[in-house]
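What follows is one structure encoded as structure tokens, with my remarks underneath.
One is the number of the first residue; the rest follow in order along the sequence. Remember, predicted model here, so these are calculated numbers, not experimental data. Just the heavy atoms: all of them, side chains too, but no hydrogens, waters or symmetry mates, feed the values below.
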Amino acid sequence: MNNPAFEDQQYVTAAKPARIYDFLLGGKNSYRRDRQAALAVREVASWTRSAALLNRDFGQRSTQVSLNRGIRQFLDLGCGYPAHSLNPEHRDLHELTDRTQPGCPVVYVDHDPFVAAHARALLDTGPPDRVTVVEADILHMPALLANPALCAAFDLTKPVAVSIHDTLAWNPDDTAVAQALRALRDWMPSGSTLSITHLSDHWQLDVVHRAADTYNAHGIAVRPRSRDQVAAHFGDLTHLGPGLTPVGAWHEDSPFAHLPPEHSSAFAGIAVKGEPSRHTPAEELRPLTAEERTVVTYFAFGTSLTQLDELHGINRHEARILLHAAQKALGARTARPYELVLRAVAVEQIPAPPLPAKAPSASAFVFLHDLAHGKDTRAMADDDQHSVLGLNALGKAVLAELKAKSYPHAVYLQSALLLAVSAADMTAIRKRAASSRTAFP
């Protein structure tokens with residue numbers, strides 16, 4: 001016979017992910033074992049708290065992305081403790097939606113009975129089907145989606161915004177997670193969005209695995225996944241914005257956008273169901289307008305959004321409209337400035353910018369070229385048989401060599417300047433670099 005008092009005692013004497021996350025964000029819903037586990041992990045991975053802050057910021061901003069697309073129904077899978085209980089200035093999902101459209105149905109789901117009870121007491125206080133809290137395991141997705149409370153909350157003739165933030169990594173069974181996500185995507189109505197953040201060992205293989213071992217030592221199973229594995233969770237949905245990126249880099253206006261990816265050690269993406277790919281067929285491509293060409297050219301020469309406003313009178317809103325128009329005209333994958341510059345130079349829509357005053361070394365050129373064309377240091381290490389740490393060191397050396405600022409866009413923008421080199425020269429440089437791999441810093 002189950003003893004509830006004994007079960008409660010077990011619950012508070014074992015560390016739990018939701019309470020560790022709460023502690024990292026400055027909340028009070030934690031016990032001694034949770035705090036011990038959190039501090040032990042921080043000894044291994046000093047960025048753990050910043051990762052929690054980045055994840056919280058992304059979650060709040062991703063809600064606005066779905067609202068801007070006209071979505072008015074929201075499903076939060078793995079909701080954790082209410083944000084307001086962490087900090088009175090934080091807003092829970094239904095409070096964020098109320099700013100745009102009061103009364104949007106919001107369903108919070110968590111498998112932790114104490115978290116669900118806490119959420120139910122603090123959040124589920126309004127009219128029926130306005131805010132609903134469901135205690136369920138997302139690995140049992142068909143049963144969850146058939147839950148009567150969830151079914152009553154949503155109109156499945158209209159899209160639903162689904163968020164799964166810092167949840168899937170705490171489920172180590174790859175097969176079960178894949179099956180759950182497949183069932184979820186099948187259930188989502190056309191036009192729905194799926195927002196995911198997920199811990200990854202993509203940038204810091206050794207550190208992340210030592211952090212995972214530390215969690216395991218405190219009784220918590222955690223499964224960092226590769227970029228390809230995280231990407232597979234989206235299935236054939238179409239990515240919005242910049243695609244799958246480090247958590248802090250997805251929103252350009254985030255206060256954390258300047259931080260290196262190691263500060264989150266997680267991927268983030270928002271994708272939509274039933275929307276055609278943003279790749280424009282060749283016959284639909286068109287020349288850039290004078291205004292689009294002007295903005296892209298400014299970026300080619302290193303101008304920032306702030307400088308566009310201050311020096312050229314083009315405010316951020318106008319610039320983003322022009323960048324998205326240029327993306328469509330060029331058939332670019334994203335509206336990120338560096339990609340538009342690369343594509344505009346490649347198809348001769350803007351003049352090739354001059355090379356930096358000091359030409360980079362052969363190794364530096366190869367590094368920048370690969371980075372500009374979407375490779376990451378893990379893939380480059382695999383291709384070139386060099387360690388990720390060695391390539392990261394090379395990246396820092398390249399930044400110093402080109403006197404670029406130490407944030408990601410600078411690397412991409414500087415790499416765009418190198419496209420003045422012809423394809424033949426590029427081949428020669430690659431051959432030179434291949435023969436001097438030991439010269440890598």
Approximate separation, where rounding is to 0.5 Å, of Ser163 OG and Phe58 CZ: 9.5 Å
Test item: Arg293 side-chain N/O and Leu288 main-chain N/O as donor-acceptor pair under 3.5 Å: yes
Electrostatic pair Glu292:Arg286 at N-O distance under 4.0 angstrom: yes
Ser190 versus Pro159, closest heavy-atom pair with distance: O-CB, 3.7 Å
Donor-acceptor pair, side chain of Arg49 and main chain of Leu24, under 3.5 angstrom: yes
NE2-OG1 distance between His239 and Thr193, expressed to the nearest 0.5 angstrom: 12.5 Å
Flag, side chain of Asp309 to backbone of Arg316, donor-acceptor distance under 3.5 Å: no
For the student: nearest non-hydrogen atoms of Ala136 and Leu144, plus distance: CB-CD1, 3.6 Å
Under 3.5 Å: donor-acceptor pair, side chain of Thr100, backbone of Leu96: no
Audit row: His202, Arg227, side-chain hydrogen bond (donor to acceptor under 3.5 Å, both in side chains) steps and yes/no: CA-CA 7 Å; His202 184 83; Arg227 188 186 194 284; 5.5 Å; no
Under 3.5 Å: donor-acceptor pair, side chain of Tyr215, backbone of Ala38: no
Gap separating the CD1 atom of Ile270 from the CZ atom of Arg69, nearest 0.5 angstrom: 10.0 Å
CA sep, side-chain torsions, deciding dist, call: Val65, Leu240, side-chain contact (heavy atoms from CB on, under 4.5 Å): CA-CA 9 Å; Val65 170; Leu240 300 175; 4.2 Å; yes
Derivation of the side-chain contact (heavy atoms from CB on, under 4.5 Å) call for Leu75 and Phe154: CA-CA 9 Å; Leu75 174 60; Phe154 294 140; 3.9 Å; yes
Option from Pro105, Ser66, Cys104 for which side-chain contact (heavy atoms from CB on, under 4.5 Å) with Arg72 holds: Cys104
Closest non-hydrogen atom pair, Leu184 against Val162: CD2-CG1, 3.9 Å
Derivation and outcome, side-chain hydrogen bond (donor to acceptor under 3.5 Å, both in side chains), residues Asp155 and Thr157: CA-CA 5 Å; Asp155 175 0; Thr157 65; 2.6 Å; yes
Any Lys273 side-chain heavy atom under 4.5 Å of Arg185 side chain: no
CA sep, side-chain torsions, deciding dist, call: Arg19, Asp112, salt bridge (Lys or Arg N to Asp or Glu O under 4.0 Å): CA-CA 10 Å; Arg19 294 200 304 254; Asp112 186 319; 5.4 Å; no
Ring-ring centroid check Trp203 Phe267, cutoff 6.0 Å: yes
Closest non-hydrogen atom pair between Val230 and Phe234, with its separation: O-CD1, 3.7 Å
Non-hydrogen side-chain atoms of Val107 and Phe74 separated by less than 4.5 Å: no
Under 3.5 Å donor-acceptor, Gln60 side chain and Asp57 backbone: no
Partner set under side-chain contact (heavy atoms from CB on, under 4.5 Å) for Glu43, not counting sequence neighbours: none
His111, NE2 atom: more than 12 neighbouring heavy atoms under 6.0 Å: no
Sidechain-backbone polar pair: Ser200 side chain, Arg225 backbone, donor-acceptor under 3.5 Å: yes
Full working for side-chain contact (heavy atoms from CB on, under 4.5 Å) between Ile164 and Leu181: CA-CA 10 Å; Ile164 316 178; Leu181 268 292; 4.0 Å; yes
Main-chain N/O of Ile71 paired with Lys158 side-chain donor or acceptor, under 3.5 Å: no
Smallest separation among heavy atoms of Ala176 and Asp173, with atom names: N-OD1, 3.0 Å
Inter-residue atom distance Thr197.OG1 - Leu168.CG, 0.5 Å rounding: 8.0 Å
Polar side-chain atom of Ser192 near backbone of Val160 as donor-acceptor pair, under 3.5 Å: yes
Heavy-atom donor-acceptor pair, Thr214 side chain to Arg210 backbone, under 3.5 Å: yes
Minimum side-chain heavy-atom gap Arg182-Asp186 below 4.5 Å: yes
Rounded distance [0.5 Å steps], OG1 in Thr132 versus CG in Asp76: 12.5 Å
Steps toward side-chain contact (heavy atoms from CB on, under 4.5 Å) verdict (Ile314, Glu291): CA-CA 10 Å; Ile314 304 172; Glu291 293 83 0; over 6 Å; no
Heavy-atom closest contact (Thr167 atom, Leu77 atom, distance): OG1-O, 3.3 Å
Approximate separation, where rounding is to 0.5 Å, of Asn55 CG and Tyr21 OH: 4.0 Å
Contact check, side chains of Trp47 and Gln204, non-hydrogen atoms, under 4.5 Å: yes
